[in-house]
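All remarks here apply to the structure that follows.
Heavy-atom basis, side chains included; hydrogens, waters and symmetry copies ignored.
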Amino acid sequence: MEKLVKIRDMTTRYDLSARTLRYYEDMGLLQSIRSEDYAYRMYDEVNVKRLEQILILRKLNISIKDIQRIFHTAGSEIVLEVLGKKVTGIDEEISLLHELREIVLEFIHQIESADFGKEADIKLLYERAKEIKTQITYTDYHGNSAAVNRLFAVTEKLDVKVPDIMIVRIPKFRAVTSGLLTFEELFGGDFEPWQETHNHFFKSVIFDAPDFLCEKDGRAEWIWVVKDEVTKADTAPYEIIEYPGGLYAVSVSVDGDGESHDRVRSKVEKWLENTNFVIDNERELLGHMIYADDEIKEGLGYHQMNLYTPVKLKKI
């Protein structure tokens, strides 16, 4: 009999969360096996090898949509096409970064050649800085306008690689909670079928989906916003909580897996360095599936997920 690998052993061996494995299954990249005498997912040798292939492609920053194309097509033509496009993209980014470096060095040279050593230097520097927008906007700018225009073009192309981020305030809301569970318990246990049969209790707070998912110490809590008239007796055996809400930095984790979340959170942290906000480590990161629509998933090749990183104002 073929040896099967338990989901717990898969997560340990490859340093993955159960959520990520489930996501790969939802995207049709993996297939688990359930047996009558074991409640959790298990994987055969074919799917273990398939996971290793997925992880290699993800390390190369290949999108889930392209991985789907690779796995669903026989032969090497598609994988060579995808990797060829990746090399072209890397070459273009290297070229842009080199050009950006030259532009920055040119600006440094202009600043070094200016004389700020006389008469109210700080005031003069302030006045010059205040005029930058005007100098860039109008054609009578006496500096190197070509360099400025090229700077805009280069940074605009590079900015496409950074997720759009905004700060929002989520109001306080009432919600039913699954409680802290392992991912196997959360998606293979009683809560998911319970909420499917009680979906008339729930209401939307953001977009058209009423739920949030947060992780704590390797376990997860599923939170569903409930209507005001819903009582604890209605939601038994699950509790109703008062979720405090608060400020969040919102970004899109386009592929929805754990690795994508980690990359986006890292970019959020860098983005926050230039603001008056810092991450609030006393609250948990929330995942929110926006427009959980099969037609959109089919068109994109993945579900879209927003990540809500809790933030607070810096202490001065």
Side-chain angles (χ1 to χ4, degrees), residues 19 23 162-181 183 186-187 191-192 194-217 219-256 258 260-293 296-297 303-316:
R19 178 192 63 192
Y23 173 75
V162 180
D164 290 331
I165 300 169
M166 60 183 177
I167 302 293
V168 302
R169 182 184 297 277
I170 297 180
K172 295 178 181 179
F173 59 84
R174 297 171 74 243
V176 60
T177 173
S178 65
L180 274 177
L181 302 171
F183 279 92
L186 187 64
F187 295 111
F191 184 74
E192 189 170 16
W194 179 90
Q195 58 87 3
E196 288 178 356
T197 59
H198 294 78
N199 57 22
H200 57 285
F201 285 167
F202 306 125
K203 70 174 184 178
S204 172
V205 261
I206 300 174
F207 296 106
D208 64 350
D211 63 315
F212 296 91
L213 190 69
C214 57
E215 291 185 48
K216 300 177 183 178
D217 302 323
R219 296 195 293 170
E221 180 181 16
W222 210 347
I223 300 169
W224 284 76
V225 184
V226 294
K227 297 176 181 177
D228 294 339
E229 63 269 21
V230 173
T231 68
K232 292 183 178 180
D234 295 323
T235 64
Y238 300 103
E239 295 184 4
I240 291 179
I241 61 173
E242 299 289 337
Y243 202 81
L247 294 175
Y248 290 84
V250 186
S251 53
V252 177
S253 177
V254 292
D255 285 333
S260 176
H261 295 178
D262 293 340
R263 288 197 306 271
V264 172
R265 183 182 172 96
S266 176
K267 290 182 179 181
V268 170
E269 290 176 351
K270 287 186 176 296
W271 181 82
L272 288 174
E273 290 175 359
N274 295 317
T275 73
N276 286 325
F277 294 101
V278 294
I279 292 180
D280 183 355
N281 291 313
E282 294 183 1
R283 292 181 291 145
E284 305 301 328
L285 181 144
L286 300 176
H288 178 74
M289 193 72 75
I290 55 176
Y291 299 120
D293 185 294
I296 294 175
K297 172 188 169 184
H303 278 318
Q304 300 173 95
M305 175 175 280
N306 271 351
L307 293 185
Y308 286 72
T309 303
V311 298
K312 60 184 179 182
L313 284 169
K314 293 177 182 176
K315 291 185 179 180
I316 300 177

(Q) Checking E221 against I241 for the side chain to side chain contact (heavy atoms under 4.5 Å, CB included) test, could you report, in this order, the C-alpha distance in whole Å, the side-chain angles of both residues, the deciding distance, and whether it holds? (A) CA-CA 12 Å; E221 180 181 16; I241 61 173; 4.2 Å; yes

Q | Heavy-atom pair with the smallest gap, counting every atom of H198 and D234 | A | CD2-O, 4.4 Å

Q: From the options V225, L286, T177, select the one residue that forms a side-chain contact (heavy atoms from CB on, under 4.5 Å) with Y243.
A: L286

(Q) Looking at every heavy atom in both A220 and S178, which two are closest together, and how far apart are they? (A) O-OG, 4.4 Å

Q: Specify the closest pair of heavy atoms between K314 and V278, including all atoms of both residues, with the distance to one decimal.
A: CG-CG1, 3.3 Å

Q. Could you state the interatomic distance from OH (Y238) to CH2 (W222), rounded to the nearest 0.5 Å?
A. 11.0 Å

Q) Taking atom CD1 of I165 and atom CG of L307, what is their separation to the nearest 0.5 Å? A) 10.5 Å

Q.
Within the structure provided, determine whether F201 and I240 are in side-chain contact (heavy-atom separation under 4.5 Å).
A. no

Q) Is any side-chain heavy atom of K203 less than 4.5 Å from a side-chain heavy atom of D228? A) yes

Q. From I223 CD1 over to R174 CZ, what is the distance, rounded to the nearest 0.5 angstrom?
A. 14.0 Å

(Q) Taking the side chain as everything from C-beta on, heavy atoms only, tell me whether Y308 gets closer than 4.5 Å to V168. (A) yes

Q) Are any non-hydrogen side-chain atoms of W194 and V176 less than 4.5 angstrom apart? A) yes

Q) Rounded to the nearest 0.5 Å, what separation is found between the CZ atom of F277 and the NZ atom of K312? A) 12.5 Å

(Q) Working to the nearest 0.5 angstrom, can you tell me the gap between N306 CG and M166 CE? (A) 6.5 Å

Q. Could you give the distance from CD1 (I279) to CD (E269), rounded to the nearest 0.5 Å?
A. 4.0 Å

Q. Taking everything shown except E229 itself, do over 12 heavy atoms lie less than 6.0 Å from its CD?
A. yes

Q.
Check for me whether R283 meets the cation-pi criterion with Y248, that is, NZ or CZ under 6.0 Å from the six-membered ring centre and within 45 degrees of the ring axis.
A. yes

Q.
Could you tell me if the side chain of F202 sits less than 4.5 Å from the side chain of V226, heavy atoms only?
A. yes

